[in-house]
Structures are given as C-alpha cells and as structure tokens.
K.L.:
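Below you will find the structure I want to go over with you.
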Amino acid sequence: MTETSSKTLTLYNTLTRHKDVFQPIDPDRVTMYVCGPTVYNHAHIGNARPAVIFDMLARVLRHLYPNVVYARNITDIEDKIIEIAAQEGVEISVITERYAEIYRTDMGALGVALPDIEPKATETIPEMIAMMERLIAAGHAYEAEGHVLFNVPSFPDYGQLSRRPMDEMVAGARVEVAPYKKDPADFVLWKPSSDEQPGWDSPWGRGRPGWHIECSAMIEKHLGDTIDIHGGGIDLQFPHHENELAQSRCSHEGAPFANYWLHNGYLNMNSVKMSKSLGNVLLVHDLIDQAPGEAIRLALLNGHYRQPLEWNDDVLPQAKAQLDRLYGALRQLEDVEPAAGDHVPGAFLDALLDDLNTPKALAELFQLAKLANQAKDGQEQAKLKAALVQSGLLIGLLQQDANQWFEGADGSSDLDADAIEAQIEARNAARAAKDFAEADRIRDALADAGVLIEDGPEGTKWKLAG
RNA sequence: GGCCACGUGGCGGAGUGGUUACGCAGCGGAUUGCAAAUCCGUGUACCCCAGUUCGAUUCUGGGCGUGGCCUCCA
C-alpha cells in the first residue's frame, strides 16, 4: 500500500514568481511565520483561509522534517483597537484579549492548531526599538517630529517582492504626503502617542509602533534573521510584506529575510471579494453554528490556495456532503483496526508536495473512499482505513469518529441518542413481524425529528439530517 | 491611468498539446420489504476571434468579460 513519493516539496515563491524546490536553511529547524489577526473584531471566513492553509502547510512540513517552528502573531496595538477600546472605555488589552481568545476558539473549530509561537506586538516593543535604532544608525531610517520613518530610497531592492517600480508608485500615490517625510514613499515605523493613547517610552518620546515593524521584530526575536517561509494573504504583499522585508534586510546588513514567500488568494463572496467595507462578510463565529467546522475547513481546501475561492450558499452544504461520503466509507470500517505503519498514498502526498494541490489530494482521498467501500478483504480494509485517516491528518480532516460525525454532537434533533435507539429497536421489531406500515411510520416520525435511518447487513444505523 | 489575476459541464474545482480529474446535484440500473447507504453506468465542459500545429481547452497574439492591488483590509 505504501507507495513511493518524490518527497520533494515545491512551493510557488512570490519572490521568484515560480515554483521552487523547498530547501530549508536548517532541516532540523524549519521556520515559518504567518501574519495573524489584528484583534479588534471577529474573523470572517476570508480571514480563516490563511489560517487553515498555513496550518495545513505546517502539518505537511512536520511530516517531512523533525522540527518545525511555526509562529503566527497577534497584532494587539493598532489604531482601530485604540478606537474601540476608547468607545467602550476600557484598556486596549480588554479588547485584544477578548478577540484573541475568540480567534483561537473559532480557528480551533476549523481544526487549526495553535502555532508553536504566538508573539504579540506589545510584548516585542524593546526589540522594535532596538531595530529602529539600528536602522537609524545605518542610515535607513530617520526621526521627524516624534516619528521614526523608514527611508525607502535607501533600499535599492524596495519593490522586489511586489514587483512595483518605485517611481510609478509615487506617481500614482493618492494619499497626501506628510510634510515631514523625506520621500513620499517613506513609511512610519514609530509614531507619537497623545496622553490618552497607549504608548511606550522610546528614544523619540512616548509613542507606539507602526504596523510593519512588529512583524520584523517578532521574526527576529523568535525565529532569526533569515527564515524559511513567510506566509499571508495576497493583500498583504504590498505594502506590508514589502515593508517588512525592507526593514528586516536593512537591519541585518542585507541578509535575506525569508527564502520563500507564500500568498493565498482571496475568498470571493458571489464573485466579489469579501471585505468589511463591502459589508458582505460571513463571520466564522456565526458559520460554526450553521455547519460543522470540519465542513468549513474542507470548503476552504476545495480550491487551490493561490486561486480565488468562490463562496456562496451552495459551498458549505456541498462540503458537508463530501464529508458524509468520506466518513461513510470510514463508518463501514468502524470495526476494522487500521493497519500499522505509514499508509499515506504516494499520489496523495505528491499532490500536497506539488505546491499544496489540495483539490488533487482530495481526489485521491475520494478514490481511497471508493476502494474502501468496495473492499471485502480485512487486510485491505485495514490498510485503506489507515490510508484515509493518515491522509486526512495531513490536511486536518477525518480525525473524528465516523459515528460521531453522523450522529453529531451539535444536536440538530430534539431526540437524544437513547430515544433514537429505542425507536429503531421498535421499528426493527415491526420489520421482523412484517408490519411494514408500523416500521415506516416510525421511520417517518424519526425523519420528522431530523433522524435518518440506514438499514445495513450489520444492523440499523442513523444520522442527523444535514 | 499603472500593474496583476482569472474566465472549465447545474454548482464547487483540478489538469493536460491528442485517451471524459474529482466531489456535490441530476438521470438510468443493481441491491433493498420500501427507503437510505453502497456499487455499476451516465452528461456534444473548457469566453470569442485569429495564428502556430497533423491536432489546442492546454502555446502565441488580439478582443470581450469579471475581479483585485496602487501606503496601513487575509
């Protein structure tokens, strides 16, 4: 069963604009950083996409390397946070801790494991200040009216990641340029805080960090000057990632920042980008009340991570039906002990290793389900069960008990399991007595209560209606 | 205006220079007391127009359409 695989991971690298073979700096310590949430409100389903994608990549990396350090930050100082905290009349930590916890819970429902490190901006202020001092000393940053600004022209490679020529950007700039900027493209590293605003003492007075510096400082502190993989949504490519890259390289004497840059595509709501300003957002917090988290995860993995992903009312029920099929295969094997050893099919692994081609990997998973449904031989069944569960683990699916999936812990029926079993027993008694009218009456009554019956050679099973 | 993606059957969505990916839904059959589940089978799908080619959905050019980015939205 164990087929050979190339075992070579290739990833599309935004820096080079093509698929590159992944070669870690240190195979014994693979480092990945992903931009996490700014915690002032609930995450929407588009926000969940990178969380799920890079959770999966971490799983794949762990399958290949003994030690993976995955860091995903929490941005807990930002002007919107300050605004909302002021509205509620509380410290910003009240807001940020509230929404950080909701974020962890919501993502957890989608099978997203906590990262190894979850650094917070407010816990990295000294490192940011040290980095800015180095940037100033090296002539890449300067102080102006209580601000510290990064001087873009001081870094000739600026624009390399997003492929934007600087002159064009400045020409197309549609924002008023602050008078204290030496160059219109310069961006803020540090800005002064008023007495009411949260702030930290610094060589430039009491203030707070700009957006980009935190990621650079957190990466340096926890992962090192040069990391293997940096991930995030495509919308962060510019300016956020471009600026991060500039700061980090300039404060590390030009050393490479991240060897592989990965960007996931947008999630579209009825063909239009889901965004707060358009008001077409679906919150993960609400979705997990409407569908199993695992179905939401599968819906996000149904498309390739770099492509735009369509989200509409059909997507979630379809994902749930797909899981019904996969778990259906597993339920048929509920009494089969999975075979020991590695049974991840080579074709499945190769699909993931080819720039995380989840649609192709899922096709392999359905092939396994079909084979499992056909299999009669016990050994074959054991291997197929192992293959399904182990493959599922790599993408964060199929880890719950099959009966639990169908019988659901979320309770969309008024009846409890004991009552259902009693009804099934009564119905089977009627069937044995050839009283099919009574048997069908019981089945219809259960169906009305949201419970569907399936008779099989080994007895009657049931599931909650989706 | 500049730059960049994308356009595959009812829906989602891979992929390939020439043999219907896959899943959901639909249809036919097997099975079933009837169902469900399962199995088998099933759909003139690749935006338009040129070009390259023996052959293009796949390459090139043009067009149309949709969407995105252009200083703090994953």
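Only a predicted model underlies this, so the values are computations on that prediction, with no experimental measurement involved. Heavy-atom basis, side chains included; hydrogens, waters and symmetry copies ignored.
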K.L.:
Roughly how far apart, to the nearest Å, are rU60(B) and rG18(B) at atom P?
P.N.:
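It comes out at 16 Å once rounded to the nearest Å.
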
K.L.:
Between His285(A) and His44(A), does the ring centroid distance fall short of 6.0 Å?
P.N.:
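Here the rings of His44(A) and His285(A) have centres that are no less than 6.0 Å from each other.
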
K.L.:
Classify Lys370(A) by what it touches in the nucleic acid, base, sugar-phosphate, or nothing, heavy-atom distance under 4.0 Å.
P.N.:
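Sugar-phosphate contact only - Lys370(A) comes under 4.0 Å of backbone atoms but never of a base.
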
K.L.:
Who does rU60(B) pair with, Watson-Crick or G-U, both distances under 3.5 Å?
P.N.:
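Across any shown strand, rU60(B) pairs with rA50(B).
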
K.L.:
Considering only the C1' atoms, how many Å lie between rA21(B) and rG12(B), rounded to the nearest integer?
P.N.:
14 Å

K.L.:
Taking any heavy-atom pair under 4.0 Å as a contact, classify Gly456(A): base, sugar-phosphate, or nothing.
P.N.:
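No contact.
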
K.L.:
Base of rA35(B), side chain of Arg443(A) - is there a donor-acceptor contact under 3.5 Å?
P.N.:
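Yes.
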
K.L.:
For the side chain of His44(A), starting at C-beta, report the closest nucleotide among rU71(B), rC24(B), rA74(B).
P.N.:
rA74(B)

K.L.:
Counting Watson-Crick and G-U wobble pairs only, both distances under 3.5 Å, name the nucleotide matched with rU42(B), or none.
P.N.:
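rG26(B) is the nucleotide pairing with rU42(B).
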
K.L.:
Closer than 3.5 angstrom, by distance alone: can the side chain of Arg249(A) be matched with the main-chain N or O of Glu244(A) as a donor-acceptor pair?
P.N.:
no

K.L.:
If you check the Glu454(A) side chain, which of rA36(B), rC72(B), rA35(B) turns out closest?
P.N.:
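The closest nucleotide is rA36(B).
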
K.L.:
Would you tell me if any nitrogen or oxygen in the side chain of Arg325(A) comes within less than 4.0 Å of OP1 or OP2 on rU38(B)?
P.N.:
yes

K.L.:
The side chain of Val272(A) is closest to which nucleotide in this list: rC34(B), rG68(B), rA74(B)?
P.N.:
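Nearest nucleotide to the side chain: rG68(B).
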
K.L.:
Can you tell me how far C1' in rC47(B) sits from the matching atom in rG7(B), rounded to whole Å?
P.N.:
6 Å

K.L.:
How many whole angstroms separate atom NE2 of His241(A) from atom P of rC73(B)?
P.N.:
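These atoms are roughly 12 Å apart.
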
K.L.:
Within this structure, what is the NZ-to-P distance between Lys461(A) and rA36(B), rounded to whole angstrom?
P.N.:
18 Å

K.L.:
Using the P atoms only, state how far rU8(B) lies from rG26(B), rounded to an integer number of Å.
P.N.:
23 Å

K.L.:
Say you pick atom C1' in rA50(B) and the same atom in rU44(B); how far apart are they, in whole Å?
P.N.:
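Those two atoms are separated by 24 Å.
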
K.L.:
What does rU31(B) pair with, Watson-Crick or G-U, if both distances are under 3.5 Å?
P.N.:
none

K.L.:
Assign His263(A) to base, sugar-phosphate, or nothing according to its heavy-atom contacts below 4.0 angstrom with the strands shown.
P.N.:
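Result for His263(A) = nothing.
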
K.L.:
With a 3.5 Å cut-off and heavy atoms only, can you find an N or O donor on one side and an acceptor on the other between the side chain of Gln318(A) and the base of rG23(B)?
P.N.:
yes

K.L.:
Can you figure out which of rA14(B), rU71(B), rA35(B) approaches the side chain of His304(A) most closely?
P.N.:
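Shortest atom-to-atom distance from the side chain points to rA14(B).
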
K.L.:
Provide the distance between the two C1' atoms, one in rU58(B) and one in rC73(B), to the nearest whole Å.
P.N.:
35 Å

K.L.:
Is the side chain of Asp76(A) donor-acceptor paired with the backbone N or O of Lys120(A) at a distance under 3.5 Å, no angle test?
P.N.:
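Between the backbone of Lys120(A) and the side chain of Asp76(A) there is no qualifying donor-acceptor contact (under 3.5 Å).
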
K.L.:
What does Asp79(A) touch in the nucleic acid at a heavy-atom separation under 4.0 angstrom: a base, only the sugar-phosphate, or nothing?
P.N.:
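If one applies the 4.0 Å heavy-atom cut-off, Asp79(A) turns out to touch nothing in the nucleic acid.
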
K.L.:
Suppose we call a contact any N or O donor and acceptor under 3.5 Å apart; does that hold for the side chain of Asn268(A) and the base of rC6(B)?
P.N.:
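No, the side chain and the base share no sub-3.5 Å donor-acceptor pair.
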
K.L.:
Which part of the nucleic acid, if any, lies within reach of Arg427(A) when heavy atoms closer than 4.0 Å are counted: base, sugar-phosphate only, or nothing?
P.N.:
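The answer is base, as Arg427(A) lies within the cut-off (heavy atoms under 4.0 Å) of a base atom.
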
K.L.:
With the threshold set at 4.0 Å, does a side-chain nitrogen-carboxylate oxygen contact exist between Arg443(A) and Asp440(A)?
P.N.:
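Here Arg443(A) pairs with Asp440(A) in a salt bridge, since their nearest N and O are under 4.0 Å apart.
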
K.L.:
What interatomic distance, in whole Å, is found between P of rC34(B) and the corresponding atom of rG43(B)?
P.N.:
29 Å

K.L.:
In the strands shown, is rC6(B) matched to any nucleotide by a Watson-Crick or G-U wobble pair with both distances under 3.5 Å, and which?
P.N.:
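Looking at the geometry, rC6(B) pairs with rG65(B).
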
K.L.:
Contact class for Leu236(A) vs. all strands (heavy atom < 4.0 Å): base, sugar-phosphate, or nothing?
P.N.:
sugar-phosphate

K.L.:
Please determine whether a side-chain nitrogen of the Lys or Arg among Glu118(A) and Arg104(A) lies less than 4.0 Å from a carboxylate oxygen of the Asp or Glu.
P.N.:
yes

K.L.:
Suppose you measure atom P in rG62(B) against the same atom in rG67(B); what distance do you get, rounded to whole Å?
P.N.:
22 Å

K.L.:
Contact class for Arg431(A) (heavy atom, under 4.0 Å): base, sugar-phosphate, or nothing?
P.N.:
base

K.L.:
Do the non-hydrogen side-chain atoms of Leu149(A) and Tyr180(A) ever get within less than 4.5 Å of each other?
P.N.:
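Yes. Closest side-chain heavy atoms under 4.5 Å.
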
K.L.:
Once you apply a heavy-atom cut-off of 4.0 Å, does Gln307(A) come out as touching a base, just sugar-phosphate, or nothing?
P.N.:
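Since only primed, P, OP1 and OP2 atoms lie under 4.0 Å of Gln307(A), the category is sugar-phosphate.
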
K.L.:
Of Pro239(A) and Asn47(A), whose closest RNA chain B nucleotide lies nearer the 5' terminus?
P.N.:
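With Asn47(A) and Pro239(A) compared, the 5'-side residue is Pro239(A).
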
K.L.:
Just call it for Leu365(A): base, sugar-phosphate, or nothing, with non-hydrogen atoms closer than 4.0 Å on any strand.
P.N.:
nothing

K.L.:
Under a 3.5 Å cut-off for both contacts, is rU20(B) paired Watson-Crick or G-U wobble with anything, and if yes, with which nucleotide?
P.N.:
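Paired with rU20(B), as far as the under-3.5 Å criterion goes, is no nucleotide at all.
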
K.L.:
Could you tell me whether the phosphate oxygens of rA37(B), OP1 or OP2, come under 4.0 Å of any side-chain nitrogen or oxygen in Asn373(A)?
P.N.:
no

K.L.:
Are Lys191(A) and Asp79(A) packed together at the side-chain level, in the sense that at least one heavy-atom pair is separated by less than 4.5 angstrom?
P.N.:
yes

K.L.:
Heavy atoms only, 4.0 Å cut-off, all strands: where does Asp314(A) land among base, sugar-phosphate and nothing?
P.N.:
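Asp314(A): backbone/sugar contact only, no base atoms under 4.0 Å.
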
K.L.:
Measure from the side chain of Glu78(A), starting at C-beta and using heavy atoms only, and say which of rC69(B), rC73(B), rA37(B) lies closest.
P.N.:
rC73(B)

K.L.:
Closest nucleotide of RNA chain B for Arg17(A) versus for Gly210(A): which of these residues is on the 5' side?
P.N.:
Arg17(A)

K.L.:
Any base atoms under 4.0 Å from Phe366(A), or only sugar-phosphate, or nothing? Heavy atoms, all strands.
P.N.:
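Sugar-phosphate, no base atom in range.
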
K.L.:
Confirm from the modelled atom types if Asn357(A) and rG15(B) form a donor-acceptor pair under 3.5 Å, side chain to base only.
P.N.:
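Per atom types, no contact qualifies.
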
K.L.:
Under 4.0 Å between any heavy atoms, over every strand shown, what does Asp235(A) touch: base, sugar-phosphate, or nothing? Just pick one.
P.N.:
base

K.L.:
Look at the side chain of Arg49(A) and the backbone N and O of Gly265(A), then say whether any donor-acceptor pair between them is shorter than 3.5 Å.
P.N.:
yes

K.L.:
For rA5(B) and Arg163(A) - does any side-chain N or O of the residue sit under 4.0 Å from the phosphate oxygens OP1/OP2?
P.N.:
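Indeed not, no polar side-chain atom of Arg163(A) lies that close.
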
K.L.:
Heavy atoms under 4.0 Å, any strand shown: does Lys80(A) hit a base, just sugar-phosphate, or nothing?
P.N.:
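Sugar-phosphate contact only.
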
K.L.:
Counting only side-chain heavy atoms from C-beta out, which of rG13(B), rG12(B), rC34(B) sits nearest to Pro359(A)?
P.N.:
rG13(B)

K.L.:
Quick check, are the ring centers of His212(A) and Phe187(A) under 6.0 angstrom apart?
P.N.:
yes

K.L.:
For Asp440(A), answer base if it contacts any base atom (sugar-phosphate contacts may also be present), sugar-phosphate if it contacts only those atoms, and nothing otherwise; contact means non-hydrogen atoms under 4.0 Å.
P.N.:
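If one applies the 4.0 Å heavy-atom cut-off, Asp440(A) turns out to touch a base.
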
